Number of protein chains: 2
Amino acid sequence: MGTEERKEREKMEMRQLIVKTALKLFAENGIENVSIRAIAEKIEYSPGAIYSYFKDKGEIIHAIHTEGFEKLYALQRSLDGIKNPVDKLGQMGKLYINFALENKDYYDLMFIAKGIAEKINEKKEWDAGERSYNYLRDTVNDCIEQGYINDKNVDAVTFAIWGFVHGMAALIIRGRCAMMPDEFIQQTLSGSFNFFKTHLITNK
Amino acid sequence: MGTEERKEREKMEMRQLIVKTALKLFAENGIENVSIRAIAEKIEYSPGAIYSYFKDKGEIIHAIHTEGFEKLYALQRSLDGIKNPVDKLGQMGKLYINFALENKDYYDLMFIAKGIAEKINEKKEWDAGERSYNYLRDTVNDCIEQGYINDKNVDAVTFAIWGFVHGMAALIIRGRCAMMPDEFIQQTLSGSFNFFKTHLITNK
DNA sequence: TTAATAAATAAACATTGTTTAATAAATAAA
DNA sequence: TTTATTTATTAAACAATGTTTATTTATTAA
């Protein structure tokens, strides 16, 4: 009898419901203003019930973080068809920044938030992130091999590019550009992009 | 009689003691693991006493944040003597990263931490940050005017450079490079620097 | 010496994440 | 179907947090 399987399924559904609800509340009230109690109330369970599905709050956040990486990686894979690695790199940059600014909660958990880092090490589960990182790295490597980027150190170039896009995204998301008007930020952002692209790519 | 002045002085000293103690505890236990109660105990006062000197915990953190900007700006000003703006820019980059990695607590509060952003807006006191930003911007401007950087958009270039160094620092500080061995990070970091420097500066 | 002011404290409050012992529900065994 | 057992859920409590309030203590002014 398949009651075992059904229960397993129900457990997964409950986990998903909790994660979904948590994410919704995060978006509404900001990540740090969402309590276990609030999540419990929203799904009409007692706070304690949540602990049958997640070891602690960090695990809920970690689940969302992993979900975010799924989304990002899926976006990256949508570039599979682009043959020219420079074009691919440019598109990936835009895609990355867009993802960051349109999914601030996800992005924050994935690349900025503090508690997460411990969970990542504890679980050795930066796998999700590594997959995305390698996708970028491979593209950079193609650029180098095909003579578009004049630098042999793949990791250094990859880290530079990652740092560049992450840095801008993080400054914006964490309110360090709040003094600038929104449209100015947008303009500057695309200006910075052009600057980077123009100078780092060797025109063959 | 100077009792008014003395009291004012004592109040300042107490504020400073609280800030100094908070910073020390931050360094020892991590920013998020320091409570008002812990600070109070360390200086041998009751928790409530602290509220005679700071409106709330955020104000203590904000004071440290401002102190951090004093330190960073002082470091920047040590480059005043460098005539060539490209050299100056390079030195500033190194100096910035070093500051970030050697003063992670300060840097975190200044450029990454969340609560701070609200205080900054609330107080309109990004002045401290703006001074440092303008110092960078002026140097970038010199580079452009003297033909070392081939791009007319000062703000875009400045933001790109800031994003670049901040991005790398933030990824390291927030543990997103924890899977890489330390020496690899150091190598990659300087490699990224070279990459950036080599390609963005037009050799006259 | 007394009155007014300021500083510091102890105690309490509300909120957090989390644990525990008790209850209700669902399943398996008889 | 009835009973026993396992599982899911809850209510209540715990410890820690930031903060407020009424009270006491210390300091200053009269």
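Order of the sequence lines sets the chain letters (A, B, ...), proteins ahead of strands, with each chain counted from 1. Owing to the predicted nature of the structure, the values given are computational and were not obtained by experimental measurement.
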Please work out whether the ring planes of B/His199 and B/Phe195 are parallel, tilted or perpendicular, with thresholds of 30° and 60°.
-> tilted
When the distance from CD of A/Glu41 to P of D/dT9 is rounded to whole Å, what number comes out?
-> 18 Å
Rounded off to whole Å, could you give me the CZ-to-P distance for the A/Arg9 and D/dA8 pair?
-> 15 Å
Rounded distance in Å - CD (A/Glu44) to P (D/dT9) = 13 Å
With a 4.5 Å limit on heavy-atom distance, are the side chains of A/Ile36 and A/Tyr51 in contact?
-> yes
Scan for salt bridge (Lys or Arg N to Asp or Glu O under 4.0 Å) pairs involving residues 72-85 of chain B, sequence neighbours excluded, and state none if there are none.
-> B/Arg77-B/Asp80
Within this structure, what is the CD-to-P distance between A/Glu13 and D/dA8, rounded to whole angstrom?
-> 14 Å
Checking B/Arg15 against B/Phe54: charged group under 6.0 Å from the ring centre and within 45 degrees of the axis?
-> yes
Charged N-O contact under 4.0 Å between B/Asp142 and B/Lys88 = no
In whole angstroms, the gap separating C1' of D/dA16 from CG of B/Asn29 amounts to 15 Å
Of A/Ala49 and B/Glu10, the one whose closest DNA chain D nucleotide lies more 5' = A/Ala49
Contact class for A/Phe54 vs. all strands (heavy atom < 4.0 Å): base, sugar-phosphate, or nothing?
-> nothing
A/Phe193 and A/Phe164 aromatic ring geometry - parallel, tilted or perpendicular at 30°/60° bounds = perpendicular
Starting from P on D/dT25, measure out to OH on B/Tyr45 and report it in whole angstrom.
-> 17 Å
In DNA chain C, consecutive runs of at least three Watson-Crick or G-U pairs below 3.5 Å, as range with range, amount to C:1-6 with D:25-30, C:8-30 with D:1-23
Taking OH from B/Tyr53 and P from C/dA6, how many angstroms apart are they, rounded to a whole number?
-> 13 Å
So, do A/Phe26 and A/Ile64 sit near enough that their side-chain heavy atoms are less than 4.5 Å apart?
-> yes
Does NZ or CZ of B/Lys71 fall inside the cone over B/Phe99's six-membered ring, less than 6.0 Å from its centre and within 45° of the axis?
-> no
What integer distance in Å separates A/Glu8:CD from D/dA8:C1'?
-> 15 Å
Check: B/Tyr107 ring centre within less than 6.0 Å of B/Phe111 ring centre | yes
What is the per-nucleotide protein-contact pattern of nucleotides 15-22 of chain C, from the 5' end, where B denotes a base atom under 4.0 Å from a protein heavy atom, S denotes such proximity for sugar-phosphate atoms only, and - denotes neither?
-> -BBBB---
